[in-house]
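Take a look at the structure set out below.
Chain A is the first sequence line, chain B the second, and so forth, proteins listed ahead of strands; every chain is numbered from 1.
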2 protein chains.
Amino acid sequence: MTTDTYHHGDLKNALIQAGVDILARDGIGALSLRSVARKAGVSHSAPYAHFPDKQALIAAISTEGFHRLYTQLEAAAQPLASNPQKQIVACARAYLNFAVQERDIFNIMFSGVLEQEKAYPDFVEISKATSTLLADIVSECQKAGIFPNGQTDLFAVAIWGQLHGIVSLALEKQISHTVLDQYQLDDILLFALNQFALVELT
Amino acid sequence: MTTDTYHHGDLKNALIQAGVDILARDGIGALSLRSVARKAGVSHSAPYAHFPDKQALIAAISTEGFHRLYTQLEAAAQPLASNPQKQIVACARAYLNFAVQERDIFNIMFSGVLEQEKAYPDFVEISKATSTLLADIVSECQKAGIFPNGQTDLFAVAIWGQLHGIVSLALEKQISHTVLDQYQLDDILLFALNQFALVELT
DNA sequence: AAAACTATCTTGACGCTGTCAAGTTTTCTC
DNA sequence: GAGAAAACTTGACAGCGTCAAGATAGTTTT
């Protein structure tokens, strides 16, 4: 519906998509309400019909980012159903891949959107769904004897935290070259995951 | 040397300090070259005599942040020398405390300063020193039989990553209330750390 | 079908920002 | 003490987020 009518038709989503594109192409520094409006072909104030302020647009872009992350995690786990051991490893790799390939979206997703706790219910919903997806796999791993039983929530948050931390440090180039020359990021992730496991994850 | 002379005397450090104060008091959104200049009592262009651009000021503030983190980690570990088991736990808690209490500095420290790899040698130096401090304690833990021997670098980066990730998720309010109602952040940190340990860390 | 209403979008303005150019003042160097 | 260099000010510019006022398009009411 991107005709040349006065009313765009689906400007809200067009703005979110424009934001995603700008993040991917030109990085976080180029993301402004005005650049997003330009890319969507509307005036600089048009976004205010759909977002109360810039923070709300960022929340919407972050929400879209979480949808993509969720989809990629699901796509990684789906074909390995009934094999949680492989699922948890595949999800870790998918998480890393997403962060590396959609760097700026990943960064914006974890850069303070949840300050105003309940202001963005869609964001809360999909971010919870994402952590639940991981927690469910962890739970399956426990049933399969791959992780010790009990304290599922603790295991899930610890594993997600570990995964998120290693990926974040890597994106920030905080992992020294003496380590990166020896190991792939993938190795580090697996090594860390294996601290939790009763059987060896590969 | 904050007299009313034309030349400030130590404007560079005054600007960094002003930036730290603004971050602590008014948050990351209030940090601008001009606000920092105002706080230091100089004109809006004065910072350009000491920093080529805003990114350089942010790098300097981040460097100061790492110095503080390093100091607090050292202060936590120092009194427990010869007891690496307690040191690693104390450092994890100190890391968490720093992140919680100096939230915005912590965030800015891990928000892309190292993009231009070698542009900020002071930053690289202190951030390396910080990870080395943790790695040394991990190494001592191995010698003491608290962690398995070998692959010290892997253990160090995995533990730092885990610590960093859990703290980051907590700051982002990404850890669900169903978990936080049951456990303290401290418990989560300890639980995660214990996955690596051969003896129980408390 | 006309009128009233509402959502959407444009235009124009405001103060704030980062940055640069030019000029002024101080300190350093010889 | 002269000349150079460093530190700082003033003034300007474009871009930013945001708001107010107005134009335009759908939608609802009668």
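Rounding to whole angstrom units, NE2 of residue B/H44 and P of C/dA21 are separated by 14 Å. Atom P of nucleotide C/dT17 and atom CG of B/L31 are separated by 11 Å, given to the nearest angstrom. One can place NZ of A/K54 at 13 Å from C1' of C/dC16, the figure rounded to the nearest angstrom. When the P atom of D/dC16 is taken as reference, atom CZ of B/R34 falls 16 Å away, rounded to whole Å. C/dT8 atom P lies 12 Å from atom CG of A/L15, rounded to whole Å. Rounded to an integer number of Å, the gap from B/D53 CG to D/dG15 P is 19 Å. Between the CG atom of B/D26 and the P atom of C/dT17 there is a distance of 12 Å, rounded to whole Å. Separating the CG atom of B/L33 from the P atom of D/dC8 is a distance of 15 Å, rounded to the nearest angstrom.
Contact annotation: B/H50 side-chain N/O to D/dA6 OP1/OP2 distance is not under 4.0 Å. Put simply, B/S43 has no side-chain N or O that comes within less than 4.0 Å of OP1 or OP2 on D/dC8. Applying the 4.0 Å criterion to OP1 and OP2 of C/dC16, one finds that B/R38 has every side-chain N and O outside that range.
Note on B/R93 versus B/D186: salt bridge recorded, some NZ/NE/NH1/NH2 to OD/OE distance being below 4.0 Å. A salt bridge links A/E140 with A/K143: the closest approach of a Lys/Arg side-chain nitrogen to an acidic carboxylate oxygen falls below 4.0 angstrom.
Remark: A/K86 NZ is loosely packed, at most 12 non-hydrogen atoms of other residues, nucleotides or ligands lying under 6.0 Å away. For CD of B/Q182, the number of neighbouring non-hydrogen atoms (other residues, nucleotides, ligands) closer than 6.0 Å is greater than 12.
Of the candidates C/dG18, C/dC9, D/dC16, the closest approach to any side-chain atom of A/A46 belongs to C/dC9. In the set C/dC9, C/dT19, D/dA7, C/dC9 carries the atom at the smallest distance from any side-chain atom of A/L11. Comparing atom distances between the A/S45 side chain and each of D/dA20, D/dC16, D/dT9 picks out D/dA20 as nearest.
With hydrogens and angles left out, the side-chain atoms of B/D104 and B/N107 include no donor and acceptor closer than 3.5 Å.
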